[in-house]
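Notes follow the structure.
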Amino acid sequence: MIDPEPLPHLPGCYLFKDDEGAVIYVGKARDLKKRVASYFQKRELDPKTSALVSAASGLDFIVTKSEVEALLLENALIKKHWPKYNVRLKDSSRYASIHLTDEEFPRIHLSRRRTGGGSYFGPFVSARERDLVLSAVRKTFGLRTCRRLPKRECLRYSMGACSGPCIGKIAPAEYKARVARAEAVLRGRTRELIGSLKEEMAALSERQEFEQAMELRDEIRALESLQDRQQIERDKRYDEDVLSWIVDGDTVYLMLFKVYRGTLEGKEEHVFARTGSFLEEFLVQHYSEETPPEELILGEALDDSLVDFLSHIKGRRVRVTVPKQGEKRKLLDLAEKNVTVRFLGDKKKLLALAEALSLPGPPNVVEVFDVSHLAGSFTVGSMVQFRGGRPDKRGYRRFRVRTVDGIDDFASIGEIVRRRYLRLKEEGGEMPDLIVIDGGKGQLWAATQELRGLGLTIPVISIAKREEEIYVPGRLRPLPIRRDDKAALFVQEMRDEAHRFAITYHRLLKKKAIDA
């Protein structure tokens, strides 16, 4: 039993530790003694907090001058220890951003990770709109896309899509000016840029520099075309983030809308375990990695210390708005609708699948297997994992089939199923709630035999490609499920993802063999 008596009535951070001295949770408090004591005084705790209290056998603390300082320290400690019971943002669905590098001649490209230098813009809700913006900016300003500067002109330069910095066709100062204009567009300042370019074009015409004036004219037309395609246009000179969430059982589903200068351009989805302070934990971790916006719109007020923390990270005051009506309320309603449709739709799929297969509960973790080969060569297997009804790419696995010669899908499925669950069994890993095999009765039989040999009783089904029929062990005929049923469509979706992943790996191995 942890004794909170030695703790002071001061702000700071507390660290729960397990039997081996490893930090399993980091929290902050305005009053350390009261906060820690509350864990052991409450009769009803949420499941995650209850598990934390049971696992905690040691306690450490650090006193800070203020609660804002405690928030900063809490985030640093979480990054250092990655405690088991703190909110993890690993389930985030990140959308691609546009990246302008900080090289001598910056290049523009798509990036899903913000690990390099330079500037990032996005993420974007729509891949189509994102690609449109990227293409328009790239062509308008002639920015390079190549990873390394070539030593001779490339096809993009020949087509007029690049200004050719690699071969000295543009001066460094002029290229930097183009990059600055591109950055202005990506930050949403299209209107201001068009106005200044028109003034510059008029000045060039007066000096009879007609060729340069015509180049600016074409640039202006491209920018005006891009401006016409902007969606949800609102007259704003600052950025906003809109947060909405739902709590379903022990899980929080959170949607974050990114609004740049009045234009809704991106969203992020996060799924994590519910705790008593989940919103605060999320905001601290998220905005320690990304710069907070000028305004945060959400459905409830924040503690003053948390607002001070966000303002500290931003470098100036962050406004927090809880709208009751008007335009901002509509934005919040839109976010609420999206989070409900997105996440509760996944739950409905799981419930439908559980009912169709007579499972004891919704299969939260599903692992799906597929095999791919080319006339018996380069045989590979894939396993994709769905968690909460959505792909969880952290759980994806690839297999190079080792023990099977020629074409034998049954034996190949058997091998990769055996390797997967033998390893999980030996390591004490988490077993899935359901296994799906791409194939018919033969593949299902092979997988079932391997599971029995390992002493595992995991529900397993297979789906045959031609008629999209679903088979279960011990039944000669497929289940009477229509192929357009919600459960059947979900199984098809998972099977298609496994097939895509297997084909991608197969092509990679084939390319390596050809290049060798």
Side-chain angles (χ1 to χ4, degrees), residues 4 7-16 25-42 44-46 48-49 52 61-79 83 85-89 238-247 251-258 268 270 272-324 328-329 331-332 335-336 339:
L7 275 70
H9 290 288
L10 292 172
C13 289
Y14 57 93
L15 298 85
F16 284 131
Y25 184 78
V26 174
K28 71 91 190 172
R30 181 177 299 167
D31 185 316
L32 285 167
K33 179 176 283 190
K34 286 184 178 180
R35 180 70 185 97
V36 173
S38 70
Y39 284 92
F40 306 97
Q41 294 170 350
K42 293 179 179 178
E44 294 184 4
L45 297 172
D46 61 81
K48 187 173 182 181
T49 305
L52 164 64
F61 67 91
I62 302 171
V63 173
T64 60
K65 293 181 180 179
S66 65
E67 196 173 0
V68 173
E69 190 175 299
L71 280 165
L72 292 165
L73 176 61
E74 178 191 33
N75 180 64
L77 292 172
I78 288 172
K79 286 183 177 179
Y85 290 96
N86 281 92
V87 168
R88 302 283 183 101
L89 302 187
Y238 55 86
D239 301 337
E240 303 156 306
D241 279 2
V242 185
L243 273 78
S244 183
W245 61 89
I246 54 175
V247 178
T251 304
V252 178
Y253 302 96
L254 184 145
M255 184 79 72
L256 188 155
F257 276 7
K258 312 289 288 185
E268 296 180 11
H270 301 272
F272 45 84
R274 176 175 64 88
T275 65
S277 57
F278 70 83
L279 181 59
E280 178 182 289
E281 288 190 57
F282 170 81
L283 291 173
V284 170
Q285 289 193 51
H286 181 76
Y287 289 116
S288 296
E289 298 294 335
E290 297 200 14
T291 304
E294 281 83 351
E295 183 174 19
L296 194 61
I297 300 172
L298 66 171
E300 65 181 53
L302 298 181
D303 187 89
D304 289 344
S305 63
L306 187 53
V307 179
D308 291 342
F309 167 79
L310 295 174
S311 301
H312 176 89
I313 297 295
K314 178 73 175 175
R316 58 179 181 271
R317 192 68 182 171
V318 172
R319 293 193 306 278
V320 176
T321 303
V322 183
K324 302 299 181 184
K328 293 177 183 179
R329 180 67 236 184
L331 266 178
L332 189 59
E336 290 175 355
V339 73

Applying side-chain hydrogen bond (donor to acceptor under 3.5 Å, both in side chains) to Ser305 and not counting sequence neighbours gives Glu67, Asp303
**Request:** Over 60° means perpendicular and under 30° means parallel, so classify the ring planes of His270 and His286, tilted if in between.
**Result:** perpendicular
By side chain to side chain contact (heavy atoms under 4.5 Å, CB included), Thr291 pairs with (sequence neighbours left out) Lys314
Contacts of Asp31 meeting side chain to side chain contact (heavy atoms under 4.5 Å, CB included) (sequence neighbours excluded), chain-then-number -> His9, Lys33, Lys34
With the side chain counted from C-beta on, respond yes when Glu240 and Pro293 share a heavy-atom pair under 4.5 Å apart, and no when they do not. no
Across all chains, not counting sequence neighbours, the salt bridge (charged side-chain N to carboxylate O under 4.0 Å, His left out) partners of Glu280 are Lys28
By side chain to side chain contact (heavy atoms under 4.5 Å, CB included), Glu336 pairs with (sequence neighbours left out) Ser244, Arg329, Leu332, Asp333
Would you mind reporting whether Leu298 and Val242 have side-chain heavy atoms less than 4.5 Å apart? no
Residues passing the salt bridge (charged side-chain N to carboxylate O under 4.0 Å, His left out) test with Arg35, sequence neighbours excluded, are none
Contacts of Leu283 meeting side chain to side chain contact (heavy atoms under 4.5 Å, CB included) (sequence neighbours excluded), chain-then-number -> Leu243, Leu279, Tyr287, Leu296, Leu302, Leu306
Counting only heavy atoms not in Arg30 (residues, nucleotides, ligands), do more than 12 fall under 6.0 Å from its CZ? no
Thr64 meets the side-chain hydrogen bond (donor to acceptor under 3.5 Å, both in side chains) criterion, sequence neighbours left out, with none
>> When you compare the side chain of Pro8 with that of Val63, does any pair of heavy atoms fall below 4.5 Å?
In response: yes
With sequence neighbours left out, the residues meeting ring-ring contact (aromatic ring centres under 6.0 Å, His included) with Tyr39 are Tyr14, Phe16
Got a donor-acceptor contact below 3.5 angstrom from the Ser288 side chain to the Val284 backbone?
yes
**Request:** Kindly indicate whether the side chain of Tyr253, heavy atoms from C-beta on, has any atom under 4.5 Å from the side chain of Trp245.
**Result:** no
Looking at Val26, is its backbone amide N or carbonyl O close enough to the side chain of Asn86 to form a donor-acceptor pair, meaning the two atoms are under 3.5 Å apart?
yes
Sequence neighbours excluded, the answer for salt bridge (charged side-chain N to carboxylate O under 4.0 Å, His left out) partners of Arg317 is Asp308
Residue set satisfying salt bridge (charged side-chain N to carboxylate O under 4.0 Å, His left out) with Asp46, at least two apart, ordered chain then number -> none
Residues at least two apart in sequence or cross-chain that pass side-chain hydrogen bond (donor to acceptor under 3.5 Å, both in side chains) with Thr321, listed by chain then number, are Glu295
